[in-house]
J.: 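Pasting in a structure now, in structure tokens, and then I'll have a few things to ask.
Residues take their numbers from the sequence shown, with the count starting at 1.
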Amino acid sequence: MKKVILALLVLIGFANAQINWVPYNQAFEKAKKENKIVFIYIYSPSCHYCDIMDFNVFESKRVEELLNKHFIPVKLRKCSNEGIEVRKKYGFVGTPMFYFLNPDGSKIKTIFGAWEEKDFVKILNYFASGSYKEMTMDEYFMKQK
């Protein structure tokens, strides 16, 4: 049984292999060196909306390119030690949950819910472009129409 579970975990990891997920314990040091935003995705294996994000959004080449180029992406299971730490530190509503953090660990913004690929690309561009420093996300979305 343990071998089956291990094999499934390996396969799940390969399903999203194109995004360069970074271990949580390395993310902030890497973000400081590369001057990038830390993007943390909290998921639950039993979450239908997390499955939508994993298979419809994180499989997108546009999302992959944005995350790998402009962010230090971290994927954490909700009930892992790191997932619990992040939830306690930055707040939590439910899964899927997305945290955008400065390299020093300070929170920029937290976003909850499943998104369509085109809208998630807009969210990532909002942060990647630095627009979050000048306007709200609503203002940014209105300008993108």
Side-chain angles (χ1 to χ4, degrees), residues 5-6 8-145:
I5 292 171
L6 181 60
L8 287 173
L9 290 174
V10 169
L11 288 174
I12 290 168
F14 286 131
N16 294 320
Q18 67 272 22
I19 293 174
N20 299 322
W21 299 109
V22 174
Y24 178 68
N25 64 354
Q26 298 172 16
F28 294 99
E29 182 178 326
K30 187 171 175 66
K32 287 175 188 171
K33 286 180 185 173
E34 298 181 21
N35 194 30
K36 292 182 178 179
I37 292 172
V38 176
F39 167 85
I40 299 178
Y41 164 41
I42 299 277
Y43 75 99
S44 173
S46 61
C47 168
H48 169 72
Y49 296 104
C50 298
D51 289 343
I52 290 171
M53 293 301 298
D54 285 338
F55 297 110
N56 294 340
V57 177
F58 291 126
E59 292 293 328
S60 159
K61 285 292 181 192
R62 289 173 34 186
V63 170
E64 170 196 346
E65 289 169 6
L66 283 166
L67 282 173
N68 289 339
K69 183 176 181 181
H70 299 287
F71 301 89
I72 304 300
V74 177
K75 183 176 181 179
L76 298 175
R77 188 173 174 164
K78 179 179 87 170
C79 294
S80 68
N81 289 337
E82 294 94 349
I84 293 167
E85 179 182 330
V86 168
R87 289 169 35 214
K88 285 181 180 177
K89 186 171 185 175
Y90 300 107
F92 184 74
V93 176
T95 53
M97 193 85 180
F98 309 98
Y99 302 87
F100 294 86
L101 308 170
N102 288 306
D104 67 2
S106 61
K107 182 168 69 171
I108 300 169
K109 189 158 184 69
T110 304
I111 298 174
F112 167 72
W115 298 82
E116 290 185 24
E117 184 259 356
K118 65 181 175 63
D119 292 328
F120 203 71
V121 165
K122 287 181 189 177
I123 291 168
L124 294 176
N125 278 322
Y126 170 69
F127 292 100
S129 68
S131 295
Y132 68 93
K133 296 175 185 175
E134 302 164 5
M135 66 184 82
T136 67
M137 197 159 49
D138 287 341
E139 291 169 334
Y140 181 82
F141 268 50
M142 293 301 288
K143 288 184 176 191
Q144 301 304 306
K145 289 189 175 189

J.: Please tell me if the side chains of K75 and D54 come closer than 4.5 Å, counting only heavy atoms from C-beta onward.
T.: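 Answer yes - side chains close enough.
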J.: Between OG1 of T136 and CE of M142, what distance do you get to the nearest 0.5 Å?
T.: 10.0 Å
J.: With a 6.0 Å cut-off (strictly less than), is the heavy-atom count around CZ of F112, excluding the residue itself, greater than 12?
T.: yes
J.: Quick check for you: to the nearest 0.5 Å, what is the distance between L76 atom CG and T95 atom OG1?
T.: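 The CG atom of L76 sits 13.0 Å away from the OG1 atom of T95.
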J.: Report the distance from atom CD1 of I42 to atom OG of S80, rounding to the nearest 0.5 Å.
T.: 6.5 Å
J.: Can you establish whether the number of heavy atoms outside N25 located under 6.0 Å from its atom CG is more than 12?
T.: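 Check passes, neighbour count above 12.
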J.: Counting heavy atoms not belonging to E34, are there more than 12 under 6.0 Å from its CD?
T.: yes
J.: Given salt bridge (Lys or Arg N to Asp or Glu O under 4.0 Å), test E65 with R62 step by step and report yes or no.
T.: CA-CA 5 Å; E65 289 169 6; R62 289 173 34 186; over 6 Å; no
J.: If you compare all heavy atoms of A27 against all heavy atoms of V74, which two are closest, and at what distance to 0.1 Å?
T.: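 Closest approach of A27 to V74, heavy atoms only: CB-CG2, 3.5 Å.
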J.: So, for G113 and M53, which heavy atoms are closest and what is the spacing to 0.1 Å?
T.: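 Heavy atoms of G113 and M53 come nearest at O-SD, 4.5 Å.
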J.: Under 4.5 Å between any side-chain heavy atoms of K109 and F127, yes or no?
T.: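 Yes, at least one pair of side-chain atoms sits under 4.5 Å.
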J.: Between P45 and D51, what is the shortest heavy-atom contact and its length?
T.: O-OD1, 4.5 Å
J.: Please check this pair: side chain of N68 against backbone of N20, looking for a donor-acceptor N/O pair closer than 3.5 Å.
T.: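 Confirmed, N68 side chain pairs with N20 backbone.
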J.: Can a donor-acceptor pair be found between the side chains of S106 and D104 at a distance below 3.5 Å?
T.: yes
J.: Rounded at 0.5 Å granularity, tell me how far CZ in F39 sits from CG in L101.
T.: 10.5 Å
J.: Do M137 and I111 have side-chain heavy atoms sitting under 4.5 Å apart?
T.: yes
J.: Just by distance, do the side chain of Y99 and the backbone of G91 share a donor-acceptor pair under 3.5 Å?
T.: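 Yes, Y99 side chain to G91 backbone: donor-acceptor pair under 3.5 Å.
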J.: What's the shortest heavy-atom distance between P96 and A114, and which atoms?
T.: CG-N, 3.9 Å
J.: In terms of side-chain geometry, is the basic nitrogen of K32 or E29 positioned less than 4.0 Å from the acidic oxygen of its partner?
T.: no
J.: Taking atom CD as the centre, does E116 end up with more than 12 heavy-atom neighbours from other residues, nucleotides or ligands that are less than 6.0 angstrom away?
T.: no
J.: Can you tell me how far the NZ atom of K36 sits from the NZ atom of K30, to the nearest 0.5 Å?
T.: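 Answer rounded to 0.5 Å: 6.5 Å.
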J.: Evaluate the side-chain proximity of F120 to F98: yes if any heavy-atom separation is below 4.5 Å, no if none is.
T.: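 A side-chain contact under 4.5 Å exists here.
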J.: Could you check whether any side-chain heavy atom of Y90 comes within less than 4.5 Å of a side-chain heavy atom of M97, counting everything from C-beta outward?
T.: no
J.: Show the nearest heavy-atom pair for residues C50 and S44, with the distance to one decimal.
T.: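 Closest approach of C50 to S44: SG-N, 3.5 Å.
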J.: Answer yes or no: is there a side-chain heavy-atom contact under 4.5 Å between E117 and N56?
T.: no
J.: Testing F141, F100, Y140 for ring pair (Phe, Tyr, Trp, His ring centres under 6.0 Å) with Y126, which one passes?
T.: Y140
J.: Could you grab the distance from atom OH of Y132 to atom CD of E139, nearest 0.5 Å is fine?
T.: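 Going from OH on Y132 over to CD on E139, the span is 16.0 Å.
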J.: Would you call the rings of Y41 and Y43 parallel, tilted or perpendicular if under 30° counts as parallel and over 60° as perpendicular?
T.: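 It falls in the tilted class, 30° to 60°.
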